[in-house]
Amino acid sequence: MSQDALKVAAAERALTYVEPGMRVGLGTGSTAAKFVDALGKKVATGLDVLCVATSEATQSQAEKLGIRMSTLDETPFLDLTVDGADELDGELRLIKGGGGALLREKIVATASGRMIVIADASKKVDLLGAFPLPLEVVPFGLTATRNMITALAADVGCEGDIKVRMLGGGKPFLTDSGNLILDCHFGRIEEPEDLDEALKLIPGVVENGLFIGIADLAVLAGADGVTLLGA
Ligand code: ABF
C-alpha cells in the first residue's frame with residue numbers, strides 16, 4: 001500500500017466519527033487534506049456539518065469542496081478536530097508543526113471536545129524528538145529568544161541545532177500569523193512535559209509543537225490495516 005493510500009485509509013476511518021450537525025475542526029497537512037477531501041464527498045451527498053480550518057490552505061480547500069465554514073470566533077466550541085501529526089508516542093503526545101500551522105492547530109484542537117490524530121503508522125515512535133520540534137516565535141528579539149530556548153531546553157536535557165525555517169531564495173518562512181518558525185533538532189525528548197513547561201516560560205515563543213494531553217484518539221494506518229490508539 002502506498003503512503004498516500006495509508007493516509008486515505010486513516011482519513012476515511014476518522015470520518016466515521018463525524019456525525020450530522022457536528023462542528024468540526026479541520027487540520028492541516030497532507031493527511032488532514034485527505035480527511036477534508038473525504039468529508040467534502042460526504043457533504044456533497046447531504047451530510048451537514050459546520051467546520052473551522054486550522055490554516056488558510058485548509059480553508060481554501062474546504063471552501064472549494066463546498067464544506068460549510070465558520071470561524072473560531074463565530075463557533076468557539078467544536079465537537080471534534082481531525083488533524084495529522086509529525087510524530088506521536090504511545091501516550092498520545094504529539095509533535096506537530098512541520099507544516100508551520102501549529103499555533104492555529106493547537107488553538108482549534110484545544111477548543112474541541114475531542115481531537116483525533118490521523119497518520120500513517122510510521123509516525124508512531126517510542127521517543128519523540130527525531131522530528132525537529134517546531135516553535136512559532138515572534139520576529140522581534142529573535143537572537144535573545146533563541147539563546148533562551150537553548151539554555152532552558154538544555155536544563156531539561158534537550159540539546160541540538162535550532163534553525164530558522166527558510167523558504168527558497170533566502171527568505172524566512174512566515175506563519176499565517178506572520179511569525180517565524182524555529183526547528184529544534186533535539187534528537188531525543190526524554191521529558192516532553194518538562195520541555196513544554198520550559199518553552200512556555202519564554203516570552204518570544206508564541207507556541208511550541210508539543211501537543212500533550214490534547215489528542216484523545218490516534219487512527220494509524222499501516223500495511224496490516226488501521227489501528228486505534230487511545231480507544
Ligand atoms: C499538520 O501537518 C501538522 O501539524 C504536521 O506538521 C503535518 C503533518 O503533515 P502530513 O500529514 O503531511 O505528514 O498536521
Side-chain angles (χ1 to χ4, degrees), residues 1-15 17 24-39 51-62 72 78 80-89 92-112 114-125 128-137 163 165-167 173-177 179-186 189 192 196 199 205-222 226 229:
M1 223 177 182
S2 69
Q3 213 175 20
D4 216 50
L6 295 177
K7 292 176 186 181
V8 171
E12 285 179 349
R13 175 63 78 88
L15 191 59
Y17 293 89
V24 183
L26 304 178
T28 296
S30 63
T31 317
K34 303 291 186 204
F35 175 78
V36 177
D37 278 341
L39 183 65
C51 296
V52 170
T54 53
S55 65
E56 304 295 338
T58 299
Q59 176 79 22
S60 127
Q61 182 195 2
L72 202 57
L78 306 172
L80 169 69
T81 283
V82 179
D83 201 351
D86 299 304
E87 273 185 357
L88 70 147
D89 71 8
L92 288 181
R93 296 178 294 198
L94 320 175
I95 287 184
K96 287 176 56 56
L102 65 127
L103 174 60
R104 293 192 188 186
E105 288 171 349
K106 199 179 269 191
I107 293 172
V108 169
T110 304
S112 303
R114 193 161 197 223
M115 180 199 187
I116 298 180
V117 185
I118 51 175
D120 70 77
S122 69
K123 301 278 184 78
K124 163 84 173 34
V125 297
L128 297 175
F131 190 93
L133 176 68
L135 311 186
E136 179 156 346
V137 300
K163 295 191 172 123
R165 191 177 297 178
M166 302 299 286
L167 297 168
F173 172 92
L174 291 180
T175 68
D176 284 345
S177 301
N179 294 314
L180 300 170
I181 295 283
L182 291 179
D183 289 307
C184 303
H185 296 250
F186 292 141
I189 301 176
D196 185 35
L199 293 170
V205 176
V206 180
E207 200 38 272
N208 76 78
L210 287 167
F211 283 48
I212 299 176
I214 296 177
D216 302 281
L217 179 71
V219 177
L220 302 175
V226 170
L229 199 64

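One is the number of the first residue; the rest follow in order along the sequence. Note that the structure is a prediction, hence the values are computed from the model and not measured. One-based numbering, in listed order, for ligands and for the atoms of each.
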- Query: Using a distance-only test with no angle check, is there a side-chain donor-acceptor pair under 3.5 angstrom linking D120 and S122?
  - Reply: yes
- Task: Can you tell me which residue pairs pass the side-chain hydrogen bond (donor to acceptor under 3.5 Å, both in side chains) test with a partner in residues 95-104, sequence neighbours excluded?
- Result: E56-R104, D83-K96, K96-E105
- So, E136 side chain and L102 main chain: donor-acceptor pair closer than 3.5 Å or not? no
- Query: Using a 4.0 angstrom limit on heavy atoms, which residues are close to ligand 1?
  - Reply: T28, G29, S30, T31, D83, G84, A85, D86, K96, G97, G98, G99, E105, K123
- For D216, check salt bridge (Lys or Arg N to Asp or Glu O under 4.0 Å) against everything at least two apart and list the hits. none
- Query: With D86, which residues qualify under salt bridge (Lys or Arg N to Asp or Glu O under 4.0 Å), at least two apart?
  - Reply: none
- Message: Check D183 with R165, please: is the shortest side-chain N to carboxylate O separation under 4.0 Å?
- Response: yes
